[in-house]
Number of protein chains: 4
Amino acid sequence: MNVTVWNENRHEQTNEKVKEVYPNGIHGAIADFLKEAGYDPLTATLDEAEHGLTENVLNETDVLLWWGHVAHDEVSDDIVERVQKRVLEGMGLIVLHSGHFSKIFKSLMGTTCDLKWREANEKERLWVVSPGHPIAEGVGEYIELEKEEMYGEHFDIPAPDELVFVSWFQGGEVFRSGCTFNRGKGKIFYFRPGHETYPTYYNKQIQQVIVNGIKWAAPTNQPMPVYGNAKPLEDVPGE
Amino acid sequence: MNVTVWNENRHEQTNEKVKEVYPNGIHGAIADFLKEAGYDPLTATLDEAEHGLTENVLNETDVLLWWGHVAHDEVSDDIVERVQKRVLEGMGLIVLHSGHFSKIFKSLMGTTCDLKWREANEKERLWVVSPGHPIAEGVGEYIELEKEEMYGEHFDIPAPDELVFVSWFQGGEVFRSGCTFNRGKGKIFYFRPGHETYPTYYNKQIQQVIVNGIKWAAPTNQPMPVYGNAKPLEDVPGE
Amino acid sequence: MNVTVWNENRHEQTNEKVKEVYPNGIHGAIADFLKEAGYDPLTATLDEAEHGLTENVLNETDVLLWWGHVAHDEVSDDIVERVQKRVLEGMGLIVLHSGHFSKIFKSLMGTTCDLKWREANEKERLWVVSPGHPIAEGVGEYIELEKEEMYGEHFDIPAPDELVFVSWFQGGEVFRSGCTFNRGKGKIFYFRPGHETYPTYYNKQIQQVIVNGIKWAAPTNQPMPVYGNAKPLEDVPGE
Amino acid sequence: MNVTVWNENRHEQTNEKVKEVYPNGIHGAIADFLKEAGYDPLTATLDEAEHGLTENVLNETDVLLWWGHVAHDEVSDDIVERVQKRVLEGMGLIVLHSGHFSKIFKSLMGTTCDLKWREANEKERLWVVSPGHPIAEGVGEYIELEKEEMYGEHFDIPAPDELVFVSWFQGGEVFRSGCTFNRGKGKIFYFRPGHETYPTYYNKQIQQVIVNGIKWAAPTNQPMPVYGNAKPLEDVPGE
């Protein structure tokens, strides 16, 4: 299975705190624990040619992870279209945290993907509401993060096909923080945590969820449906 | 309740058969039975200024019906964006037949909305699979249409929030032909039948479903959620 | 529309605090605000003959509300079966608070309907996660209850057809507190708040949600589907 | 992974045609192709002690397949309860064909599970409507069965969590023939084909779907949620 970790990689260049938490970038930290989990991930970032997402890279990618925040607008529409096409053809997509506002996620959802937010070093507790779901495997009843950015409802997404996690925030909000969606032949998992100034991606439970998500989102070996004009399979008088 | 019936209105100008079936346009035929049902619908067509969908018209519209086919590409992106915004704010949207390939439907779905199709004068039977759904009220167990265009699976849409009708076609295909979707505050109903060369919109059961759909899709009296930066509702130590 | 409010009505007989909060019983308090909303509700309680739910009463009931807690086991299996049959035929059912453990709800869900709970006079905030849903109409972004019993995830129900409210609790839990389910031709709404020692049913927003739920759960005018052996609608060679 | 194939095994004793098609019973035919797929399945039948479903057998079973028809009523309520408990704890359940009317399926669904049916040697075509679903992997666009019993809508089940197949029947009906449900920690797959007088379980595509279903329904390694009275995780003033 080929996994590609895409990261905007801008905060890491300009913000000392982020640089300290993620010296090899958020993509680097994610790639590290994926290697420990037995994957051999590729990484790709905004400032590479074609954002590192060439036709070739995408065609070889089974599951793509996406982290972006301040530079959503700099992602080229052509590349977004290319990623969307691949998702509809079966490539898995894991959208992380502020990726909720990425062009690719908004295109696939059809909604604003807007939400409430607050940076106040507050506690988040992600409750498993689908204990039989493979994405929740081995996680226990909840994940507690001492400090995270708050995201609050209403989260303007279509009703998820499956709701896996719901977050509690210290400041009084809740959030549908682990959501799956099927689009075309592709599986999409949105997972909320991961603000750039907190060491969230070093948390073992968070890592477990992302690894589970990758397994869950893997493409199946099923040909694309045939679309367009179709001959009848039975006699049709009007023919 | 204000209903606006939007129609591309092109086949009616160029195809004698369509002109004969729908002398006042598909929009005219739909407006007629909506009047009988007690509505006072507006109609709007592609070739009007702003396609007849000015800010004013859309702001006053509670439920918009959409029929298009050969000229999807001529619908301006700005107007599509305007309609999408209004749907997310709560305006109901009924997408009819070949409207599955309209820009507005594809934008709201995030998928290709592709399907199989065939024009062979064949029989369609729409089975009610959600007999308690308000959109199926008064319809009976199925609707039989002697001659319709075939649309077949796979229909590339997100799993509908509710599946109301499934079609059987003489030539051997099936189709999810009555589907609801919630996007933002808006309710969307996709209803398959209505090829331009058949008198489908004169069928009383089809009319009943469309009227039911309008009632179901009506906006509620609930303010828009507040998005963006939010003050905590509880004490947060990190503040 | 005929609404019947069913209440176990036991705490009200034995617990001074409950008696004080609900001097006419929980059913009385609910019936009062339904009258203000223009309904003419019937009430029925456990200790009446047939628990007040005769064939006649149920056949005339469009929407049934259900509150029970300490005496779920005393509800006769025959009456439960009768109610279930009516729901599947189209009668709406609103299950309130501790009714999650009633025989009727468990029979319709097929799961244990178990959950976490705690009585600690803590704050609950019910967030609207489906702002376009008719059950949320006029409620605003959230409902705040100063003191309620806590119910926490995992709530062992099937994934609801629609999730309308998610609760935040002061003690750190979340709960899917407004859930809809379709079973047969019937619509079911589970609504969490309403512990017997708190004046929850006097809260105007809670009343609004229950009235909205009744409207939403009303039966439609659609005949029951026909089941069993069926003649073919098309020629079948093997006949 | 431990798979148990349960079969009523009555038609095979009394009906010469069934005996001819399935000389080792339907369970035997299913066990055979599961062995080819690398499993070491157990079989169990109605007339064994405890129907072959002892506590021990069920505790060791990861996925249970269920075929029953004429003797649903002879299945003991205690065993049904035992199976239901195991499903809610995470055991996968594949319900085949006429198992739609089994006590275990009806208990888990909460509805009548009724449908239309006809034995007329007619053609069934199962269309894949979720081409990315693991249960559809390797199946192609549809499965064609030359002769099968007809099952027609309305099928009185809760809306499935995922709809994988929709059947077309020669006689004019459609049917939601591949449906998944999550109940508790358990995954349930209902798969329609498999009337006792047809060689359906020798069809390679049907076998593929059942093997896919078993993989999909496998339990995950996640402890059961904790239910009941819960200490607060945060300070609660009312404590």
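A note on names: the letters A, B, ... follow the listed sequences, proteins ahead of strands, and every chain is numbered from 1.
With respect to chain D, the highest number of heavy-atom pairs below 4.5 Å among A:A136, A:G90, A:G184 belongs to A:A136. For the set D:G138, D:A218, D:G186, D:P223, the count of heavy-atom pairs under 4.5 angstrom toward chain A peaks at D:G138. Contact tally against chain A (heavy-atom pairs below 4.5 Å) for D:P219, D:P134, D:G132: the top residue is D:G132.
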Can you check whether chain A and chain D share any donor-acceptor pairs under 3.5 Å, and give the atom names and distances if they do?
| unit_1 | atom_1 | unit_2 | atom_2 | d |
| --- | --- | --- | --- | --- |
| D:K123 | NZ | A:E234 | OE1 | 3.4 |
| D:K123 | NZ | A:E234 | OE2 | 2.9 |
| D:R125 | NH1 | A:E234 | OE2 | 3.4 |
| D:R125 | NH2 | A:E234 | OE2 | 2.5 |
| D:G132 | O | A:K187 | NZ | 2.9 |
| D:E137 | OE2 | A:N221 | N | 2.5 |
| D:G138 | N | A:N221 | O | 3.3 |
| D:G138 | N | A:Q222 | OE1 | 3.1 |
| D:V139 | N | A:Q222 | OE1 | 3.1 |
| D:G140 | N | A:Q222 | OE1 | 3.2 |
| D:G140 | O | A:Q222 | NE2 | 3.0 |
| D:E141 | OE2 | A:V226 | N | 2.9 |
| D:K187 | NZ | A:G132 | O | 2.8 |
| D:N221 | N | A:E137 | OE2 | 2.5 |
| D:N221 | O | A:G138 | N | 3.3 |
| D:Q222 | OE1 | A:G138 | N | 3.0 |
| D:Q222 | OE1 | A:V139 | N | 3.1 |
| D:Q222 | OE1 | A:G140 | N | 3.2 |
| D:Q222 | NE2 | A:G140 | O | 3.0 |
| D:V226 | N | A:E141 | OE2 | 2.9 |
| D:E234 | OE1 | A:K123 | NZ | 3.4 |
| D:E234 | OE2 | A:K123 | NZ | 2.9 |
| D:E234 | OE2 | A:R125 | NH1 | 3.4 |
| D:E234 | OE2 | A:R125 | NH2 | 2.5 |

